[in-house]
Number of protein chains: 2
Amino acid sequence: MTRKQLIEQIQTKKSYLCVGLDTDIKKIPAHLQSHPNAVFEFNKQIIDATQDLCIAYKLNTAFYEAMGVKGWQAMEDTVKYIPKNQFIIADAKRGDIGNTSTQYAKAFFETMDFDAITVAPYMGEDSVRPFLAFENKWAIVLGLTSNAGSKDFEQLKVVGHATNNSDVDPATNNSKEYLYESVLKKVSSWGTDENLMFVVGATKASDLLGIRKIIPEHFLLVPGVGFQGGSLAEVSKYGMNKDCGLLVNASRAIIYAGEKEDFANEARAIAKQYQTEMAGYLS
Amino acid sequence: MTRKQLIEQIQTKKSYLCVGLDTDIKKIPAHLQSHPNAVFEFNKQIIDATQDLCIAYKLNTAFYEAMGVKGWQAMEDTVKYIPKNQFIIADAKRGDIGNTSTQYAKAFFETMDFDAITVAPYMGEDSVRPFLAFENKWAIVLGLTSNAGSKDFEQLKVVGHATNNSDVDPATNNSKEYLYESVLKKVSSWGTDENLMFVVGATKASDLLGIRKIIPEHFLLVPGVGFQGGSLAEVSKYGMNKDCGLLVNASRAIIYAGEKEDFANEARAIAKQYQTEMAGYLS
């Protein structure tokens with residue numbers, strides 16, 4: 001999917017909601033547990049009930065991998081089932097040396113028809129670029145995440161050569177920025193805002209302002225609204241740009257909203273709440 | 001597998017060779033291409049021909065994922081086939097927020113019976129610790145990798161509070177170390193040398209000396225000997241400790257040594273060269 005097509009979907013549906021299909025077979029309604037393809041059946045009903053309210057679906061591959069071959073099959077089936085006007089994200093956080101990253105890209109962009117994959121940046125440029133070599137496909141690179149461990153490395157100050165960074169230490173003439181800021185700056189130079197996005201947790205408004213100074217145009221995937229906390233209002237206020245520029249994910253709050261036979265309706269009700277609020281911010 | 005058991009295998013077989021089963025169906029011998037389970041058949045023959053010369057096998061999941069469900073099945077079959085006295089590594093470079101990392105751990109430690117999984121540290125403590133919650137299982141965390149991109153983030157200097165680090169900037173009293181050194185220090189405090197290892201590329205001898213000062217006891221997985229360059233002699237000289245402490249991987253140099261029906265014998269010959277050299281360094 002191109003950036004233009006994504007923006008059109010957001011404007012048409014008045015939504016920047018991404019529904020996270022992090023489907024754990026232990027958590028789906030009891031009446032589905034004995035279904036031969038329980039996870040795919042669950043996903044189908046969630047998709048049917050929400051696809052007019054969202055513009056993206058995100059599958060965290062860990063939940064499917066935990067089920068082995070059956071899980072990988074359920075993931076393939078789900079991706080084929082999702083309507084093609086949806087932006088489909090493999091939340092896989094992959095990354096490896098060049099030729100291996102190319103294999104990951106093939107797995108998710110060719111063998112399966114995802115539009116985008118989340119990528120971990122630790123190993124640097126030659127681990128990220130292979131994901132950018134596929135037409136109309138996107139790499140969504142980890143930037144600042146909202147989990148407690150983001151303080152361990154992402155929020156370390158790093159020292160680089162002074163460039164245009166105003167945060168310069170006069171004693172050493174070295175610029176000091178957070179590691180995640182260095183990631184945003186460097187990674188964004190390896191692609192464009194038409195094949196790169198960044199994962200930014202629903203964190204403090206002040207962080208979002210700083211991030212938007214670095215990457216004003218790139219789309220941000222915000223994974224943590226709902227059970228992970230973080231306010232949709234704040235994220236939208238400080239993170240939106242003229243093209244919206246946000247994909248806000250909600251998983252557990254939506255897909256586990258209901259526990260009984262009407263679980264899909266319950267899920268729809270929660271998705272509708274998100275979309276209604278988002279429509280307000282978009283106008 | 002426990003650390004003690006691993007050390008016994010190294011001493012018994014006089015080897016610290018890890019054979020990398022990064023099996024690309026496009027690269028295996030022509031006569032196998034039409035086999036209904038070509039990748040698994042190839043792996044079986046490689047395993048049969050090398051298992052007395054090595055103490056570990058490493059599967060890079062990307063190559064299997066690229067083949068879709070059939071690939072994941074080939075990976076499951078291969079893990080089941082590998083003799084149980086081998087240390088089996090999922091080179092998956094996984095990492096995500098807590099409950100998701102737990103799903104990854106289940107995928108590789110329970111649904112499949114790998115001994116270890118490589119882990120990407122970017123998201124910090126709560127993304128790594130879940131892998132340490134499984135008895136006799138190991139997390140092998142990325143430290144310093146040998147690809148060109150290691151300079152982008154791993155080799156940035158980070159500023160932290162002065163501890164025992166002698167590399168202190170007198171102007172600011174802040175210690176400056178490389179990001180990868182911070183990773184080694186912090187991550188090693190989250191586990192022990194009986195459930196944690198680190199990926200260290202076959203890089204400069206001076207880097208290895210510095211790394212061994214930080215983590216003298218932990219095993220290092222060295223992925224890059226063979227086609228990726230790096231000298232086995234140097235890595236062994238500067239990286240070994242009294243328990244050996246090294247797992248040195250070779251993939252393409254071994255598994256693609258031969259192109260014809262006798263490819264497994266050719267693979268064995270290369271593995272034998274490695275093992276012979278290693279036996280010399282172990283004594």
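Throughout, a chain's letter reflects where its sequence line sits, starting with A, and its residues are numbered from 1.
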Kindly write out the residues that satisfy side-chain hydrogen bond (donor to acceptor under 3.5 Å, both in side chains) with [X], not counting sequence neighbours, or none if the list is empty.
{"X": "B:T100", "answer": "none"}
{"X": "B:Q103", "answer": "none"}
{"X": "B:E154", "answer": "B:T145"}

Please say whether more than 12 non-hydrogen atoms of neighbouring residues, nucleotides or ligands are located less than 6.0 Å from [atom1] in [X].
{"X": "A:E259", "atom1": "CD", "answer": "no"}
{"X": "A:Y256", "atom1": "OH", "answer": "yes"}
{"X": "B:E110", "atom1": "CD", "answer": "yes"}
{"X": "B:Y178", "atom1": "OH", "answer": "no"}

Contacting region of [X] [heavy-atom separation from chain B under 4.5 Å]:
{"X": "A:R94", "result": "side chain"}
{"X": "A:D22", "result": "neither"}
{"X": "A:V183", "result": "both"}

Practice problem: Against chain A, work out which of B:K93, B:M75, B:M123, B:K151 has the most heavy-atom pairs shorter than 4.5 Å and name it. | Solution: B:M123

Quiz item: So which of B:A148, B:A105, B:S150, B:G98 has the largest heavy-atom pair count under 4.5 angstrom toward chain A?
Solution: B:A148

Under a 4.5 Å cut-off applied to non-hydrogen side-chain atoms, are [X] and [Y] in contact?
{"X": "A:W72", "Y": "B:Y64", "result": "no"}
{"X": "B:F108", "Y": "A:E65", "result": "yes"}
{"X": "B:T111", "Y": "A:M67", "result": "no"}
{"X": "B:K176", "Y": "A:V158", "result": "no"}

Considering all heavy atoms, the nearest [X]-[Y] contact:
{"X": "A:Y104", "Y": "B:D91", "value": "OH-O, 4.1 Å"}
{"X": "B:L156", "Y": "A:V159", "value": "CD2-O, 4.5 Å"}
{"X": "B:E125", "Y": "A:D152", "value": "N-OD2, 2.7 Å"}

Quiz item: Does the B:D126 side chain pair with the main chain of A:G149, one donor and one acceptor, at a distance under 3.5 Å?
Solution: yes

Quiz item: So which bits of residues 112-120 of chain A come within less than 4.5 Å of chain B, counting non-hydrogen atoms only?
Solution: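 At a heavy-atom separation under 4.5 Å, chain B is reached by no residue of residues 112-120 of chain A.
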
Top contributor to chain B interface from [options] [non-hydrogen pairs under 4.5 Å]:
{"options": "A:V187, A:L179, A:V128", "answer": "A:L179"}
{"options": "A:A92, A:G95, A:P121", "answer": "A:P121"}
{"options": "A:S127, A:G71, A:S182", "answer": "A:S182"}

Quiz item: How long is the gap from CD1 on A:I97 to CG on B:N60, to the nearest 0.5 Å?
Solution: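 The CD1 atom of A:I97 sits 8.0 Å away from the CG atom of B:N60.
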
Exercise. Fit a plane to each ring of A:F153 and B:W190, take the angle between them on a 0 to 90° scale, and name the class: parallel (under 30°), tilted (30 to 60°) or perpendicular (over 60°).
Key: tilted

